[in-house]
Amino acid sequence: MKLALPFSAPSPPRRARGGAETARAVSRLMRPAAPSRELDPLLIWSAAALLLIGLIMVYSASIAIAEGSHFTGRQSHYFLMRHGLYLALGTALGLLAFQVPMGRWQQAAPWLFMAGVLLLMLVLIPGIGREVNGARRWIALGPINVQPSELMKVFVGLYAADYTVRKLDAMGSFKRGFLPMAGAIILVGCLLLLEPDFGAFVVICAVAFGVLFLGGVNARVFAVLVLLALVGFALLVWLSPYRRERIFGFMDPWQDAFGKGYQLSHALIAFGRGEWLGVGLGASVEKLFYLPEAHTDFLLAVLAEELGFAGVLVVVVLFALLVQRAFTIGRAAIKLERYFAGLVAQGIGLWMGVQSFINMGVNMGLLPTKGLTLPLMSFGGSGIVANCLALAILLRVDWENRQVMRGGRA
């Protein structure tokens, strides 16, 4: 009787494989597993969800102010139509930006940065820059108002990544690695403070120096930078009565609820009314001329009142997912030795994370009031267009990563 073996020896092939075929088989085994999709679905769906929620909430938050204003022709859908137009424009420009290889973006980065500086200078010239509520931040181009500080956030991210890659060998030197970039950001900061746009200055500093830190700047130099930045921000606040009043008003908005604490007190009332599940979409009371800038800076407060804690939690999770995917894409690019693309992706993640954190903190009374919108959601033409451009560049980095992992070229 024959015993059945637990395994059988492999039968020899009918014909020997050639050397070239064997090499190809080994190459396939050694190559990393190719991604099954062309783009990151979590990134796409989180961004699309934020844009859609933003469109709905802009309409809900702006109906009353649109119907009560002569400027809008008393049309309830005025801000919805404009927001939709800007969203369509941003999507179209994003599709075009996605077609541009990251190598071309790197070549254009210094020129885009200089163009952004020029726009920040032009906005300060009377007759060119448009002044609203005491701030000169916009350039009027017919029916469209361009806000250079929003575009500058994209340009600074690209320029900081390009600068870091070019200066990799000098990142440990204060004079050759850090000082030139600090000078460029100080120039941008001075122009922004003349508008004034302190919120944009904070975000741009966070993006620029965050990219330098991720790119390997000396730890001691970075620690000194953080200390100097904190001292500088403290001086800017202390030397400006307007900013000083905002700081003290934020600490106790109920002390002057009809003056410097007006916006924050009504934002907190909106959060309180929302409770767990909200009062219902469209049923906000605070948007009825109580809460200023309800469809821009304080959109989250209206969302909290109408959709409650559940709605706010969804938005926070979507932003956290978006930032996490940006950093994951950036790390993947750096592992593939695509350093510029990786730093750009992480810079975009920093931008979205820092600005959304500040806006949410302001709405909840955790941070002083700043003129920063909620990315991808608040009403604002230049902001939405800049956000769409940034997302397109981030998707391009992800797409090129996947092409390289498949064995192709970026």
Side-chain angles (χ1 to χ4, degrees), residues 37 39-64 79-80 83-84 86-87 90-91 94 203 263-264 266-287 291 293-329 348-367 370 372-380 383-384 386-388 390-392 394-395 398:
R37 295 181 175 90
L39 293 171
D40 189 330
L42 289 176
L43 173 63
I44 293 174
W45 286 112
S46 60
L50 287 170
L51 289 170
L52 179 59
I53 295 172
L55 183 66
I56 295 171
M57 291 311 304
V58 163
Y59 183 42
S60 176
S62 64
I63 291 177
F79 290 103
L80 171 67
H83 190 76
Y86 289 132
L87 188 55
T91 302
V203 173
Q263 279 182 307
L264 181 54
H266 280 279
L268 294 176
I269 291 171
F271 272 88
R273 292 191 74 248
E275 297 185 351
W276 289 100
L277 298 177
V279 297
L281 184 63
S284 168
V285 172
E286 287 300 317
K287 69 184 182 184
L291 180 61
E293 310 296 338
H295 59 300
T296 55
D297 298 354
F298 285 88
L299 184 72
L300 186 70
V302 177
L303 185 145
E305 185 180 2
E306 296 187 348
L307 304 182
F309 174 79
V312 174
L313 182 62
V314 168
V315 171
V316 171
V317 170
L318 288 173
F319 271 111
L321 181 60
L322 178 68
V323 173
Q324 187 270 335
R325 298 315 302 164
F327 274 88
T328 300
I329 291 169
I348 293 172
L350 277 172
W351 169 18
M352 297 294 174
V354 169
Q355 184 163 333
S356 60
F357 176 79
I358 293 175
N359 180 273
M360 292 176 185
V362 167
N363 276 255
M364 297 177 189
L366 302 176
L367 293 172
K370 282 280 155 280
L372 279 176
T373 57
L374 190 60
L376 303 173
M377 293 184 64
S378 293
F379 177 81
I384 287 294
N387 295 159
C388 290
L391 286 175
L394 182 58
L395 288 170
D398 181 44

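All of these numbers come straight from a predicted model, not from anything done at the bench.
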Output, in order, the C-alpha distance, side-chain angles, deciding distance and verdict of side chain to side chain contact (heavy atoms under 4.5 Å, CB included) for L55 and L51.
CA-CA 6 Å; L55 183 66; L51 289 170; over 6 Å; no
Check the pair Q263 / F298 against side chain to side chain contact (heavy atoms under 4.5 Å, CB included), numbers first and verdict last.
CA-CA 9 Å; Q263 279 182 307; F298 285 88; 3.6 Å; yes
Using a strict threshold of under 4.0 Å (side-chain N to carboxylate O), is an ion pair present between K287 and E305?
no
To the nearest 0.5 Å, atom CG of D398 lies from atom CD1 of I329 at 4.0 Å
Heavy-atom closest contact (L291 atom, A267 atom, distance):
CD1-N, 3.8 Å
How long is the straight-line distance from CG of L43 back to CG of L321, given to the nearest 0.5 Å?
8.0 Å
Working for side chain to side chain contact (heavy atoms under 4.5 Å, CB included), residues M360 and L366
CA-CA 8 Å; M360 292 176 185; L366 302 176; over 6 Å; no
Hey, does the side chain of E286 reach the backbone of A270 with a donor-acceptor pair shorter than 3.5 angstrom?
no
Contacts of type side chain to side chain contact (heavy atoms under 4.5 Å, CB included), residue E275, not counting sequence neighbours:
none
Residues F271, N363; criterion side chain to side chain contact (heavy atoms under 4.5 Å, CB included); working and verdict
CA-CA 9 Å; F271 272 88; N363 276 255; 4.0 Å; yes
Euclidean distance, L300 CG relative to T373 OG1, rounded to 0.5 Å:
12.5 Å
Ring pair (Phe, Tyr, Trp, His ring centres under 6.0 Å) against F357, all qualifying residues, sequence neighbours excluded
none
Shortest non-hydrogen pair, F79 vs S62, comes out as CB-OG, 3.4 Å
With rounding to the nearest 0.5 Å, note down the distance linking OG in S60 to CD in E306.
3.5 Å
Using modelled atom types and a 3.5 Å cut-off, is there a donor and acceptor pairing between side-chain atoms of N387 and backbone atoms of P375?
no
Could you tell me which non-hydrogen atom of L303 sits nearest to which non-hydrogen atom of G311, and how far apart they are?
CD2-C, 3.6 Å
Are the side chains of L374 and S356 in touch, meaning some heavy atoms are under 4.5 Å apart?
yes
Does any pair with a residue in residues 357-367 pass salt bridge (Lys or Arg N to Asp or Glu O under 4.0 Å), and if so which ones, sequence neighbours excluded?
none
State, yes or no, whether a side-chain contact exists between V312 and M364 at a heavy-atom distance under 4.5 Å.
yes
Examine distances only and state if a side-chain atom of S378 and a backbone atom of T296 form a donor-acceptor pair shorter than 3.5 Å.
yes
Please name the pair of heavy atoms, one in G94 and one in A392, separated by the smallest distance, quoted to 0.1 Å.
O-CB, 3.1 Å
Taking side chain to side chain contact (heavy atoms under 4.5 Å, CB included) as the test, write out the residues that go with L277, two or more places apart.
A310
Please name all residues satisfying side chain to side chain contact (heavy atoms under 4.5 Å, CB included) with I56, sequence neighbours left out, ordered by chain then number.
L52, L281
Heavy-atom donor-acceptor pair, N359 side chain to Q355 backbone, under 3.5 Å
no
Of the non-hydrogen atoms in A61 and A294, which two are nearest, and what is the gap between them?
CB-O, 3.7 Å
Measuring from L395:CG to D40:CG, what's the distance to the nearest 0.5 Å?
8.5 Å
Taking side chain to side chain contact (heavy atoms under 4.5 Å, CB included) as the test, write out the residues that go with L50, two or more places apart.
V315, L318, F319, L322, L376, M377
Would you call the rings of F379 and H295 parallel, tilted or perpendicular if under 30° counts as parallel and over 60° as perpendicular?
tilted
Minimal heavy-atom distance between I384 and Y86, with the atoms involved, is CG2-O, 3.9 Å
